[in-house]
Undergrad: 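Here it is, the structure, as structure tokens.
Keep in mind that this is a model prediction, so the values were computed, not measured. Positions are given from 1 along the sequence.
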Amino acid sequence: MNSYFESTARERVRGLFDTGSFEEFLPPSERIISPHLGQFDAPVAFDDGVVIGRARLAGAVVFAAAQEGGFMGGAVGEVHGAKLVGLLRRAITEQVQAVVLLLDTGGVRLHEANAGLIAVSEVMRAVLDVRAAGIPVVVLIGGSNGAFGGMGIVACCANAIVISEEGRLAMSGPEVIETANGVEEFDSRDRALVWRTSGGKHRYLLGDAQVIVPDSVAAFRQAASAAVQRCKSVELTLEELEQEHQLLAERILQFGTLSDPLDIWIKLGIEHAAGIPMLEIDRFVTLAARHRLGVK
């Protein structure tokens, strides 16, 4: 099995899309690098940590972006963000069948904080513009960095999220929460708690992710193709946004006093909830079908 978690961005792209179909925009040979990192004597990458281009996914013409988690944790800076925004805008111009975002990121690059924050906000707007143009956006999360910070919000702006058990999705990372509110609020060294809180199984049970798959590039490929075909209502409407707000309000009422995801699983009525982390994905999906919260 070719592990998605252990693969690089370029390995994921090669395995995910139809053989030989990926055409990269702004490849490393163009040497478009961050204008800021050199001031901090920080390393640079000739693709600035993100691979973008056109490809085919089971025959469908799509635009794709894959973040390289091995370069600065997949963090977003000015050039990195501009590549994502440019790709999304070009997707509208060319009216491709979908955009697929392979996220593997801790959020904004601290070396370029202001530029990175602006870039992420532009990516969010571009994702919504793509959806408004009738083009579905599908996010894949299964890398070692997960999808945190502003890019976690970007993920939730998409039509569908495909995640693995190893993937993680949240706004603030464990270390950030601990630094801001103390270890009593969140112990970032408790890895089991970290994975219960932000990991793929919990996000799937809460309805934040629409699909959960085993850790393989092939499984992500199959799920991404199915998600593209399944997307019917593409644009984010005011009615859908209000429904999401209502779901979040109900979630707070149900679970707002609970401090551990395990308690949430128990309240969902799951028997032997403590055994969820040990379940294989197929068995987990079968169990989750009886208890999972409404999806967006």
Undergrad: If only atom types and distance count, is the side chain of Asp18 paired as donor or acceptor with the main-chain N or O of Gly59 below 3.5 Å?
TA: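 Checking the backbone N and O of Gly59 against the side chain of Asp18, a donor-acceptor pair under 3.5 Å is found.
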Undergrad: Considering non-hydrogen atoms only, spot the tightest contact between Ala119 and Val76 and give its length.
TA: CB-CG1, 4.1 Å
Undergrad: Has Lys83 got a side-chain atom pairing as donor or acceptor with Asp47's backbone, closer than 3.5 angstrom?
TA: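 Looks like yes, one N/O pair under 3.5 Å.
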Undergrad: Could you check whether any side-chain heavy atom of Leu258 comes within less than 4.5 Å of a side-chain heavy atom of Ile266, counting everything from C-beta outward?
TA: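 No. Closest side-chain heavy atoms not under 4.5 Å.
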Undergrad: Tell me whether Arg12 forms a cation-pi arrangement with Phe220, defined as NZ or CZ under 6.0 Å from the six-membered ring centre and within 45 degrees of its axis.
TA: no
Undergrad: Report yes if some heavy atom in the side chain of Cys157 is under 4.5 Å from a heavy atom in the side chain of Leu128; otherwise report no.
TA: yes
Undergrad: Is there a side-chain contact between Met72 and Leu37 (heavy atoms, below 4.5 Å)?
TA: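 Yes, their side chains come closer than 4.5 Å.
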Undergrad: Where do Val211 and Ala223 come nearest, in terms of heavy atoms and distance?
TA: CG1-CB, 4.1 Å
Undergrad: Within 45° of the axis and under 6.0 Å from the centre of the six-membered ring of Tyr204, does NZ or CZ of Arg292 qualify?
TA: yes
Undergrad: Between Lys201 and Ile276 (side chain of the first, backbone of the second, donor and acceptor by atom type, cut-off under 3.5 Å), is there such a pair?
TA: yes
Undergrad: Do any N or O atoms from the side chain of Arg131 and from the backbone of Val234 form a donor-acceptor pair under 3.5 angstrom?
TA: yes
Undergrad: Taking Glu68 for the side chain and Gly70 for the main chain, is one N or O donor matched with an acceptor at less than 3.5 Å?
TA: yes
Undergrad: Using modelled atom types only, decide if a donor and an acceptor are shared between the side chain of Gln97 and the backbone of Val61 within a distance under 3.5 Å.
TA: yes
Undergrad: Would you name the heavy atoms of Pro277 and Trp265 that are closest together and state the gap between them?
TA: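 Closest approach of Pro277 to Trp265: CD-CZ3, 4.1 Å.
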Undergrad: Return each pair, listed once, that meets side-chain hydrogen bond (donor to acceptor under 3.5 Å, both in side chains) where at least one residue sits in residues 69-78; pairs must be two or more places apart or across chains.
TA: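 Passing the test, one end in residues 69-78: His36-Glu78.
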Undergrad: Backbone N or O of Leu169 within a donor-acceptor pair of the Arg203 side chain at under 3.5 Å?
TA: yes
Undergrad: Val120 versus Val108: any side-chain heavy-atom pair under 4.5 Å?
TA: yes
Undergrad: Is any side-chain heavy atom of His80 closer than 4.5 Å to a side-chain heavy atom of Glu112?
TA: no
Undergrad: Between Gly106 and Asn145, which heavy-atom pair has the shortest distance, and what is it?
TA: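 For Gly106 and Asn145, the tightest heavy-atom pair comes out as N-CB, 4.2 Å.
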Undergrad: Would you say the side chain of Val194 lies within less than 4.5 Å of the side chain of Phe186, judging by non-hydrogen atoms?
TA: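 The answer is yes; the side chains approach within 4.5 Å.
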Undergrad: Near Leu248 CG, under 6.0 Å, is it more than 12 heavy atoms from other residues, nucleotides or ligands?
TA: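 Enclosed.
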Undergrad: I'd like to know if the side chain of Glu24 reaches the main chain of Gly53, judged simply by a donor and an acceptor atom lying under 3.5 Å from each other, with no hydrogens or angles considered.
TA: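 Not at all, since once roles are kept as given, no pair shorter than 3.5 Å links the two residues.
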Undergrad: Heavy-atom count check: over 12 atoms from other residues, nucleotides or ligands less than 6.0 Å from Glu23 CD?
TA: yes
Undergrad: I'd like to check Arg109 versus Ser34 (side-chain heavy atoms, cut-off strictly below 4.5 Å). Are they in contact?
TA: yes
Undergrad: Can you confirm whether Arg189 is buried at CZ, in the sense that more than 12 heavy atoms of other residues, nucleotides or ligands lie under 6.0 Å from that atom?
TA: no
Undergrad: Can you see which heavy atom on Arg168 is nearest to which on Ile163, and at what distance?
TA: N-CD1, 4.3 Å
Undergrad: Look at Glu122 together with Arg89 and state whether they make a salt bridge at an N to O cut-off of under 4.0 Å.
TA: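 Salt bridge flag = no for Arg89 with Glu122.
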Undergrad: Backbone N or O of Pro174 within a donor-acceptor pair of the Ser188 side chain at under 3.5 Å?
TA: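 Answer holds: no.
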Undergrad: Are more than 12 heavy atoms from other residues, nucleotides or ligands located less than 6.0 Å from atom NE2 of His272?
TA: no
Undergrad: Is Arg14 close enough and on-axis enough to Phe22, meaning under 6.0 Å and within 45°, for cation-pi?
TA: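 So Arg14 doesn't make the cation-pi contact.
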Undergrad: For Ala64 versus Leu87, what's the shortest heavy-atom pair and its separation?
TA: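 Scanning both residues, the minimum pair turns out to be O-CD2, 3.5 Å.
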Undergrad: Compare all side-chain heavy atoms of Asp215 with those of Glu165 and state whether any distance is below 4.5 angstrom.
TA: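 Heavy-atom side-chain distance check fails, nothing below 4.5 Å.
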Undergrad: Look up atom CD1 in Ile135 and atom CD in Glu235, then write down how far apart they are to the nearest 0.5 Å.
TA: 12.0 Å
Undergrad: Could you check whether Glu242 and Gln246, counting side-chain N and O atoms only, form a donor-acceptor pair closer than 3.5 Å?
TA: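 Result is no, nothing qualifies.
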